[in-house]
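See structure below.
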Amino acid sequence: MERTIERNIIDAVKHLYDSNIDAADIQIQTTRKEFEGDVTAVVFPLLKYSRKAPEQTAEDIGNYILEVNPGVRSFNVVKGFLNLEISNRAWLDEFIKLRSAAPAYSIPEKGKGQTTLIEYSSPNTNKPLHLGHIRNNLLGYSLYKILSACGQRVYKTNIVNDRGIHICKSMLAWKLFANGETPSDSGLKGDHFVGKYYVKFENEYKKEIRKLISRGMTEEEAADKSELMAGARELLRKWEAGDKETLDLWKRMNNWVYEGFNKTYETLGVDFDKIYYESDTYKLGRSIVREGLEKGIFYRKEDGSVWVNLSSDKLDEKLLLRADGTAVYITQDLGTAVERYNDYKFDRHYYVVGNEQNYHFQVLKSILKKLEYDWADGIHHFSYGMVNLPEGKMKSREGKVVDADDLIDTMLHTAREMSEELGKLDEYSAGEKENIYRKIGLGALKYFILKVDPRKNMLFNPRESIDFNGNTGPFIQYTYARIRSVLRKAESYEYSEDIKRDVFELNKKESDLVKLLRRFGPVVVEAAETLNPSLIANYTYELAKEFNQFYHDYSILGEKEIALRSFRIGLSEYIGQIIEEAMGLLGIDMPERM
RNA sequence: GGUUCAGUAGCUCAGCUGGAUAGAGCAACGGCCUUCUAAGCCGUAGGUCGCAGGUUCGAAUCCUGCCUGAAUCACCA
């Protein structure tokens, strides 16, 4: 539609003012609700061609378009805005064109067929997943869905931080206090079980420190003299030396954790094609450091440590290898990046990691580019903001966290309670009902998280998160269920599949819906280009709300013949399809009824 | 202090490649179940778009400065 009007304007300027128009001067947008018309052309930029007043220019161009374009029924001018009213026929053609396209969204040219790697989740194995991980997981998974929809070959990876002092703390606490207890003895999920001992360590450690301080030591001295900390460090040393007993315990406890994580991942509906473990990768990267040294890109300091100077990229000097030759975080990441390139030959590699690590990823990319890996340009840090609580920041050490499993349980419970109270599902089997509660509870959680711009820090208010009214996942699901209900009803009527033969006056709301539908493709494209699922969420809400209003208008009027009108059935069907696909891009399932 | 990001209704958030009278939801108040699903719909009230300049026909949107907040600038990962 815009295309033809664009051409009309080019022609009009040529014809009326004898000028060739600059493409950037054509501005077309959908008309704001409070004005008459469907499509608006802004004529201010055209004044330099017409050399007339805005109103006169708009009038001239409007008359020209009316003459040449049969799809335009009428126009009006408000200041420099030319509002064009599109004919029913044209809207109908537009809709038929949309509906015949499959899938319902158009695919960005950019990136079709390329190989894309996404790293997300990245948990530590000493405690259960929390709200921050939920945001990470949902964003990562949605990214996967979106990029896949764009035709890219996407692989999901996870890197598990399964080694280091924090795991040793859990291990030590378990050895000292557990008496051989296992998760199944305790009835706890494996990750919570191991987390319990991590907390135990921290508490005992704090107690020990307090005791030492009360004996007159400073805090530093106390930390130095702590037997618990020494024990944890000793375990780490043994682990690195390959001590069998330590390794066995480490494996055993990690497996408990993985069991727990897998359950959470499964409920959330996320998964991975390949999982990397830091215990395998932590030694990687040294050969790269050697390579950099030989090329003279890195340098050695007197104490033997290796550094790189990134001041040309406005970054600092960065340590790559400690004086004792051990690797640091960035060294590992250099190694895994190279390994992953060798594994996948990716065109793009997204790291879904919180914005607290922005600096780290700048450094990573900068170093890889200095080493002249041409694929380094494909590396991209998908940086997202933190999740804060009304009381402030989440702090796992102070127990101020929202546990992922608890949160999911709360959502599922609330969904059940609400649904039972409404009693609309009474005739369904327990299994069917559970399935629906699950979809609603998880839909609420996922939508709540994904509707906010990933880049922004967000506030998580537990009370609001379980609200199922308004701009929420359940509202969209409700709309979808309603559409399905309409279609079920429509099946019992005979109606023509050929909506072209449907003669009618297009209702304002109907053309509004068609207008909205046309935006879905571009929204997906934009979401893919800006890596922003929240665009899809907010757009789908808008569409669902519009549909509810439309639907309601008919109810109020008592017009029950919707099922007899093939256009309305087609419209409902198509909107249902769009909602399902859009929500699918967020990893949210739609219930047939609720 | 350097860098990056953010500041829009009481609260949570949209809107940001410059366009018309800045939008939703929640919370508040008032209506609507004899309607194909009321998890809904309609209405009322609520704004100096952090502040100050600049750019221009036009600025929440772009530029500059300032204020406020967050993250980061580790031989932690």
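Model, not experiment: these values are computed from the prediction. Note: hydrogens, waters and symmetry copies are ignored here, and every other heavy atom, side chains too, is used. To find a chain, count down the sequence lines: A is the first, B the second, and so on, and within it residues start at 1.
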Discussion item. Counting the atoms with a prime plus P, OP1 and OP2 as sugar-phosphate, which does A:R463 contact under 4.0 Å by heavy atoms, base, sugar-phosphate, or nothing?
Written reply: nothing
Discussion item. Expressed as a whole number of angstroms, how long is the span from A:D426:CG to B:U37:C1'?
Written reply: 13 Å
Worksheet item: For RNA chain B, what is the dot-bracket line, given that a base pair needs Watson-Crick (N1 to N3, plus N6-O4 or O6-N4) or G-U wobble (N1-O2 and O6-N3) geometry with both distances under 3.5 Å, and | means paired with another strand?
Response: ((((((((.[[[[.)...(...]]]].(((((.......))))).....[[[[[..)....]]]]])))))))....
Worksheet item: side-chain hydrogen bond (donor to acceptor under 3.5 Å, both in side chains) with A:E432: which residues, sequence neighbours excluded?
Response: A:S429
Worksheet item: Taking atom P in both B:U55 and B:C63, what distance in whole Å separates the two?
Response: 16 Å
Worksheet item: How far, in whole Å, is B:U56 from B:C29 if one measures between their C1' atoms?
Response: 43 Å
Discussion item. So A:N83, base contact, sugar-phosphate only, or nothing? Heavy-atom distance under 4.0 Å.
Written reply: base
Worksheet item: Short question: side chain of A:T472, backbone of A:A444 - any donor-acceptor pair under 3.5 Å?
Response: no
Worksheet item: Looking at B:U12, B:A20, B:C42, which one has an atom nearest to any side-chain atom of A:T31?
Response: B:A20
Worksheet item: Distance between the C1' atoms of B:A39 and B:U34, in whole angstroms?
Response: 22 Å
Discussion item. With the stacking rule set at 5.5 Å and 30°, tell me whether A:F81 counts as stacking on B:A20.
Written reply: yes
Practice prompt. Give A:T479 one of three labels, base, sugar-phosphate or nothing, depending on what nucleic acid heavy atoms sit under 4.0 Å from its own.
Written response: nothing
Worksheet item: If we take the P atom in both B:C42 and B:U17, what is their distance in whole Å?
Response: 29 Å
Worksheet entry | ring pair (Phe, Tyr, Trp, His ring centres under 6.0 Å) against A:Y480, all qualifying residues, sequence neighbours excluded | none
Discussion item. Under 6.0 Å from the ring centre and within 45 degrees of the ring axis: does the NZ or CZ of A:R32 meet both conditions for the six-membered ring of A:F81?
Written reply: no
Worksheet item: B:A20 base to A:T40 side chain: any donor-acceptor pair below 3.5 Å?
Response: yes
Practice prompt. Output every pair passing salt bridge (Lys or Arg N to Asp or Glu O under 4.0 Å) with a member in residues 414-424 of chain A, not counting sequence neighbours, ordered by first then second residue.
Written response: A:R416-A:E434
Worksheet entry | Contacts of type side-chain hydrogen bond (donor to acceptor under 3.5 Å, both in side chains), residue A:Q332, not counting sequence neighbours | none
Fill in: Near-strand residues of residues 535-544 of chain A, defined as heavy-atom separation under 4.0 angstrom from RNA chain B
A:L535, A:N538, A:Y541
Worksheet item: Are any side-chain N or O atoms of A:T331 and backbone N or O atoms of A:V328, one a donor and one an acceptor, separated by less than 3.5 Å?
Response: yes
Worksheet item: Which part of the nucleic acid does A:V42 contact within heavy-atom distance under 4.0 Å: base, sugar-phosphate only, or nothing?
Response: base
Fill in: Same-atom distance (C1') from B:A59 to B:A70, integer angstrom
27 Å
Practice prompt. Check whether any side-chain N or O of A:N161 sits under 3.5 Å from a backbone N or O of A:S122 as a donor-acceptor pair, and report yes or no.
Written response: no
Worksheet item: Heavy atoms under 4.0 Å, any strand shown: does A:T326 hit a base, just sugar-phosphate, or nothing?
Response: nothing
Worksheet item: Roughly how many Å is it from CG in A:L459 to P in B:A14, rounded to a whole number?
Response: 12 Å
Fill in: Atom pair distance, as rounded to whole Å: CG in A:D467 and P in B:G40
9 Å
Discussion item. Taking ring pair (Phe, Tyr, Trp, His ring centres under 6.0 Å) as the definition, give me every residue that meets it alongside A:Y17, ordered by chain and number, with sequence neighbours left out.
Written reply: none
Worksheet item: Please give, in whole Å, the distance from B:A38 P to A:N469 CG?
Response: 13 Å
Discussion item. Whether A:K424 contacts B:A39 is assessed here as follows: a side-chain N or O lying under 4.0 Å from the phosphate OP1 or OP2. Is that the case?
Written reply: yes
Worksheet item: Within the structure, does a side-chain N or O atom of A:Q362 lie under 4.0 Å from either OP1 or OP2 of B:U4?
Response: no
Practice prompt. In whole angstrom, give me the gap between the C1' atoms of B:U21 and B:A38.
Written response: 32 Å
Discussion item. Could you tell me how far apart A:I476 (CD1) and B:G25 (P) are, to the nearest whole angstrom?
Written reply: 13 Å
Response to the item:
Judged by whether its glycosidic angle lies within 90° of 0, B:C67 is anti
Fill in: Contact nearer the 5' end of RNA chain B, comparing A:A481 with A:N358
A:N358
Discussion item. Measure NZ/A:K48 against P/B:C57 and give the value in whole Å, please.
Written reply: 11 Å
Worksheet entry | Set of ring pair (Phe, Tyr, Trp, His ring centres under 6.0 Å) partners for A:Y384, sequence neighbours left out | none
Fill in: Lys NZ or Arg CZ of A:K301 over A:W307 ring: under 6.0 Å, within 45°
yes
Discussion item. Treating A:D224 as the side-chain partner and A:E220 as the backbone partner, does any N or O pair qualify as donor plus acceptor under 3.5 Å?
Written reply: no
Discussion item. Tell me whether the side-chain N/O atoms of A:R32 come closer than 4.0 Å to OP1 or OP2 in B:A20.
Written reply: yes
Item to complete: Would you mind classifying the nucleic acid contact of A:M594 as base, sugar-phosphate or nothing, using non-hydrogen atoms under 4.0 angstrom?
Response: base
Worksheet, complete the sentence: Its contact letters, B for base, S for sugar-phosphate only and - for none at protein heavy atoms under 4.0 Å, make nucleotides 72-77 of chain B read SS-BSB
Worksheet entry | Between B:G53 and B:U12 - C1' atom distance, rounded Å | 32 Å
Worksheet entry | Nucleotide nearest A:K545 (side chain, heavy atoms from C-beta), chosen from B:G19, B:G25, B:A38 | B:G25
Worksheet, complete the sentence: Among the nucleotides B:U12, B:U37, B:C41, whichever has the atom closest to the side chain of A:F475 is B:C41
Fill in: Base of B:G40 and ring of A:Y478 stacked, centres under 5.5 Å, planes under 30°
no
Worksheet item: How close or far is atom C1' of B:C42 from atom OH of A:Y551, stated in whole angstroms?
Response: 16 Å
Worksheet entry | For A:K515, salt bridge (charged side-chain N to carboxylate O under 4.0 Å, His left out) partners two or more places apart | A:D38, A:D512
Fill in: All ring pair (Phe, Tyr, Trp, His ring centres under 6.0 Å) counterparts of A:Y447, not counting sequence neighbours
none
Worksheet item: If you measure from the C1' atom in B:A6 to the same atom in B:C13, how many Å do you get, rounded?
Response: 14 Å
Worksheet, complete the sentence: In whole angstroms, the gap separating P of B:U8 from CG of A:N457 amounts to 13 Å
Practice prompt. Would you please name every residue forming a side-chain hydrogen bond (donor to acceptor under 3.5 Å, both in side chains) with A:S383, sequence neighbours left out?
Written response: A:N358
Practice prompt. Would you indicate which nucleotide in B:C13, B:U37, B:A20 comes nearest to any side-chain atom of A:M458?
Written response: B:C13
Discussion item. Students often get this wrong, so: under 4.0 angstrom with heavy atoms, is A:N388 touching a base, only sugar-phosphate, or nothing?
Written reply: nothing
Worksheet, complete the sentence: Between A:Q29 and A:R484, the residue closer to the 5' end of RNA chain B by nearest nucleotide is A:Q29
